[in-house]
Amino acid sequence: MQGDPLSVKVNKLTSIKTQLPYSYYSLPFCQPKTIVDSRENLGEVLRGDRIENSPYVFKMREPQMCNVLCRVTLDAKIAKEFKDKIEDEYRVNMILDNLPLVVPIPRQEQEGPPMYQQGFHIGLKGQYSGSKDEKYFIHNHLSFTVKFHKDEQTDSARIVGFEVTPFSVKHEFEGQWSENVRLTTCDPHAQRTVSNSNSPQEVEEKQEVIFTYDVAFQESEVKWASRWDTYLLMTDDQIHWFSIVNSLMIVLFLSGMVAMIMLRTLYRDISKYNELETQEEAQEETGWKLVHADVFRPPTNSDMLCVYVGTGFQFFGMVLVTMIFAVLGFLSPSNRGGLMTALLLIWVFMGLFAGYAAARLYKMFKGTEWKKIALKTAFLFPSAVFAVFFVLNALIWGQKSSGAVPFGTMFALVFLWFGISVPLVFVGSYVGFKKPAMEDPVKTNKIPRQIPDQTWYMNPIFSILIGGILPFGAVFIELFFILTSIWLNQFYYIFGFLFIVFIILLVTCAEITIVLCYFQLCSEDYLWWWRSYLTSGSSALYLFLYATFYFFTKLEITKPVSGALYFGYMLIASYAFFVLTGTIGFYACFWFTRLIYSSVKID
């Protein structure tokens, strides 16, 4: 209703140049009488959000002009802090009614709605005309616009937009300073308003900075339910469709190859072999059937393979469930930190499936110590990630950034891991191990057969590296948007597209592995277990190389800590991608070999 108080909250200061968030009051901005910290969820804390109250007081549909907040006199230390943050292009983020503050930027070429930049810059660098010296100017006057949608029946209104235009103004006043002094530079009675930054406020020692703000209210046609649409306006829908069409072409090409192999070769081979048996000409066997007595021989390091397959299954479950939630709209950006929280919790509960998958495979390899496998599955991947995370957190903490995860949250994460994930992995392993082992379709000889010399293109390293190109090619355009939303502070909300791309990734990984596995068996090389995992898993290597390319071409990160942060997190992401794609490839190949060897009659 009209006159209702609106509470403006302040969030972290962010910069795409340093990637290190800071809490708003780490700089000496005007403060309310008492600072109240809002309750943040797990995802928000991990993102570095620190949401606090602010001294800005709005009343619904009551415009205000030239409200004076406070006066700050800069000493050398404060001036340097402001200059550093302006140099690193830090932005202030605020929230009103759960909507983030945006700065509208008009589009240059075309008509249409303006672009929105999240948060306003603390200040800017510039020169006075006729001077070469670079000076720093602070945005000390904020002109807010609150957009509201009016309900026709009642007189109430709901907030649908929160915009600001920042100015830098050297305010002046007459007489003694007091809280309600009239400024000569901004006086509502004299109709003097701030509309440009012609006499800007410099950041220098001994300068007085007076912080002021205006609030205007503007009626809007946008309904409350669709108020987030302006934030999420994706400008490049065509690119996403192009990316999906491009990926589908890869999938069609591979599907064609798989279908050809399945139909032509296998059908011909199987019928021919079955005839051979009847004519007792089995000596002339060629190709993949020759290795039937070795193809299900357990690989070297079979324990490790079980652990990696289990972890990959856990990842697959996490990504699939999170995607379904996201597509159904539960994880929209208005639910800050929701995506991160969901990923962590679902990962923890998927430990059940990790243990089950690892133990099933382990039993098939005639393993007996299921507890050992459960322990490795519960600790191998999380401990590697936790170690990297811990080092990065120490670096962020050293920079006094709000992005550092506090001790309490660290404890919560460790509890999720040890208290929920580890027991679930053990439960899953127990259930998986109690089930009868999967039978191999063909018997395995006691003595392994010799593998003939392979041609250069069947060399393991070469075929593994080739195998990763296509799965990466299927996702790399979407990857660009994901990296941009993470590192350039933009919203990512096209989970529908992402879901299609994920399905395409699954199919591509499975098909490329099957094709290469078939060629490998035809050349009488039966060591397919690890190779099938690494073939599609090698796409993670290309992912990391692309992330490196993105770092040098798109980001302006110069600080070593920020660089370490970027590469540390991308390393974790690539490792996770390796485990996920490797497991998909492995299961595809596992199904394929069981299928073809079970359809051949062998004496």
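What's counted below: heavy atoms across the whole structure, side chains too, no hydrogens, waters or symmetry copies.
Within 6.0 Å of atom CZ in Phe353, 12 or fewer heavy atoms from other residues, nucleotides or ligands are found, so the atom counts as exposed in its surroundings. Within 6.0 Å of CZ on Phe418 lie more than 12 heavy atoms contributed by other residues, nucleotides or ligands. Counting non-hydrogen atoms of neighbouring residues, nucleotides and ligands closer than 6.0 angstrom, the CD atom of Glu134 exceeds 12 such neighbours. Residue-environment remark: CD (Glu174) stays at or below the threshold of 12 foreign heavy atoms within 6.0 Å.
Summarising the geometry of Gln314 relative to Ala354, their closest heavy-atom pair is OE1-CB, 3.4 Å, with the distance given to 0.1 Å. Here the closest non-hydrogen pair linking Gly48 and Ser402 is O-OG, 3.1 Å. Listed here is the closest heavy atom pair of Ala157 and Phe148: CB-CD1, 3.6 Å. The two residues Pro32 and Pro55 make their nearest non-hydrogen contact at CD-CD, 3.9 Å. Considering all non-hydrogen atoms of both residues, Ile86 and Tyr136 come closest at CG2-CD2, 3.8 Å. Contact between Pro63 and Phe217 at its shortest, heavy atoms only, is N-CD1, 4.0 Å.
Annotation: side chain of Ile138 is in contact with side chain of Phe211 (closest heavy-atom distance under 4.5 Å). In this structure the side chain of Val388 never reaches within 4.5 angstrom of the side chain of Tyr569, judged on heavy atoms. Counting only heavy atoms from C-beta outward, the side chains of Ile557 and Leu565 never approach each other to under 4.5 Å. Here the side chains of Asn140 and Thr212 are not in contact, with every heavy-atom distance at 4.5 Å or above. Considering only heavy atoms from C-beta on, Leu20 comes within 4.5 Å of Ile396 through its side chain. Between Phe389 and Met410, the closest side-chain pair of non-hydrogen atoms falls below 4.5 Å. The closest side-chain heavy-atom distance from Leu543 to Ser574 is below 4.5 Å. Between Phe495 and Ile500 there is no side-chain heavy-atom pair separated by less than 4.5 Å.
Side chain of Asp151 to main chain of Arg158: no donor-acceptor pair is present (N/O by atom type, distance under 3.5 Å, no hydrogens or angles). When atom types are taken as modelled, the side chain of Ser54 and the backbone of Val8 share a donor-acceptor pair closer than 3.5 angstrom. Using a distance-only test at 3.5 Å, with no hydrogens or angles considered, no donor-acceptor pair links the side chain of Asp4 to the main chain of Met60. When atom types are taken as modelled, the side chain of Ser247 and the backbone of Ala474 share a donor-acceptor pair closer than 3.5 angstrom. Between the side chain of Ser562 and the main chain of Thr558, no donor-acceptor pair closer than 3.5 Å is present. A donor-acceptor contact shorter than 3.5 Å links the side chain of Ser401 to the backbone of Pro21.
Salt bridge absent: Glu202 and Lys170 never bring a charged side-chain N and a carboxylate O closer than 4.0 Å. Arg47 and Asp49 are joined by a salt bridge, as a carboxylate oxygen and a charged side-chain nitrogen come within less than 4.0 angstrom of each other. Glu204 has a carboxylate O that lies under 4.0 Å from a charged side-chain N of Lys83, or vice versa, which qualifies the two as a salt bridge. Note on Arg71 versus Glu208: salt bridge recorded, some NZ/NE/NH1/NH2 to OD/OE distance being below 4.0 Å. Classification of Glu81 and Lys85 as a salt-bridged pair fails, no side-chain N sitting under 4.0 Å from a carboxylate O.
Screening Val102, Thr165, Leu142 for a side-chain contact (heavy atoms from CB on, under 4.5 Å) with Phe120, the sole residue that qualifies is Leu142. Checking Tyr550, Tyr566, Phe480 one by one against Trp487, the ring-ring contact (aromatic ring centres under 6.0 Å, His included) holds for a single residue, Tyr566.
Between Tyr56 and Phe144, the two ring planes are perpendicular [angle over 60°; tilted spans 30° to 60°]. Aromatic ring pairs are classed by plane angle as parallel below 30°, tilted from 30° to 60° and perpendicular above 60°; the pair Phe167 and His141 is tilted. Between Phe567 and Phe551, the angle of the ring planes lies from 30° to 60°, which puts this pair in the tilted group.
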| message | Under the criterion side chain to side chain contact (heavy atoms under 4.5 Å, CB included), I'd like the reasoning laid out for Asn98 against Arg227: C-alpha separation, chi angles, the key distance, then a yes or no. | response | CA-CA 11 Å; Asn98 204 25; Arg227 62 183 189 158; 4.2 Å; yes
| request: Please assess Leu498 against Phe481 for the test side chain to side chain contact (heavy atoms under 4.5 Å, CB included), listing each intermediate value before the final yes or no. | output: CA-CA 10 Å; Leu498 191 60; Phe481 290 103; over 6 Å; no
| Working for side chain to side chain contact (heavy atoms under 4.5 Å, CB included), residues Val164 and Ser143 | CA-CA 5 Å; Val164 71; Ser143 184; 5.6 Å; no
| request: Might you work through the side-chain hydrogen bond (donor to acceptor under 3.5 Å, both in side chains) test for Asn41 and Arg336, ending with a clear yes or no? | output: CA-CA 8 Å; Asn41 62 31; Arg336 236 183 316 275; over 6 Å; no
| Going through the checks in order, is the side chain to side chain contact (heavy atoms under 4.5 Å, CB included) test met by His171 and Gln201? | CA-CA 8 Å; His171 282 306; Gln201 174 63 58; 5.9 Å; no
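We find the CD-CZ distance between Glu40 and Arg50 to be 5.5 Å, quoted to the nearest 0.5 Å. Here Ser15 contributes atom OG and Tyr22 contributes atom OH; the two are 9.5 Å apart, rounded to the nearest 0.5 Å. In this structure, Glu52 CD and Ile95 CD1 are separated by 10.5 Å, a value rounded to the nearest 0.5 Å. Taken from CG in Asp97 to NZ in Lys9, the straight-line distance is 10.0 Å, to the nearest 0.5 Å. Put simply, CG on Asn93 and CZ on Arg91 are 8.0 Å apart, with the number rounded to the nearest 0.5 Å. With rounding to the nearest 0.5 Å, the separation of CZ in Phe82 from CD in Gln207 is 12.5 Å.
In this view, Lys559 and Asp88 satisfy the side-chain hydrogen bond (donor to acceptor under 3.5 Å, both in side chains) rule, not counting sequence neighbours.
For Phe381 and Tyr575, the ring centers are positioned less than 6.0 Å apart. Proximity of the aromatic rings of Phe386 and Trp417 is defined here by a centroid distance below 6.0 angstrom, and this criterion is met.
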Can you list, pair by pair, the side-chain donor-acceptor contacts under 3.5 Å of residues 337-348, counting residues two or more places apart and other chains?
| residue | atom | partner | partner atom | Å |
| --- | --- | --- | --- | --- |
| Thr341 | OG1 | Gly43 | N | 3.0 |
| Thr341 | OG1 | Gly337 | O | 2.7 |

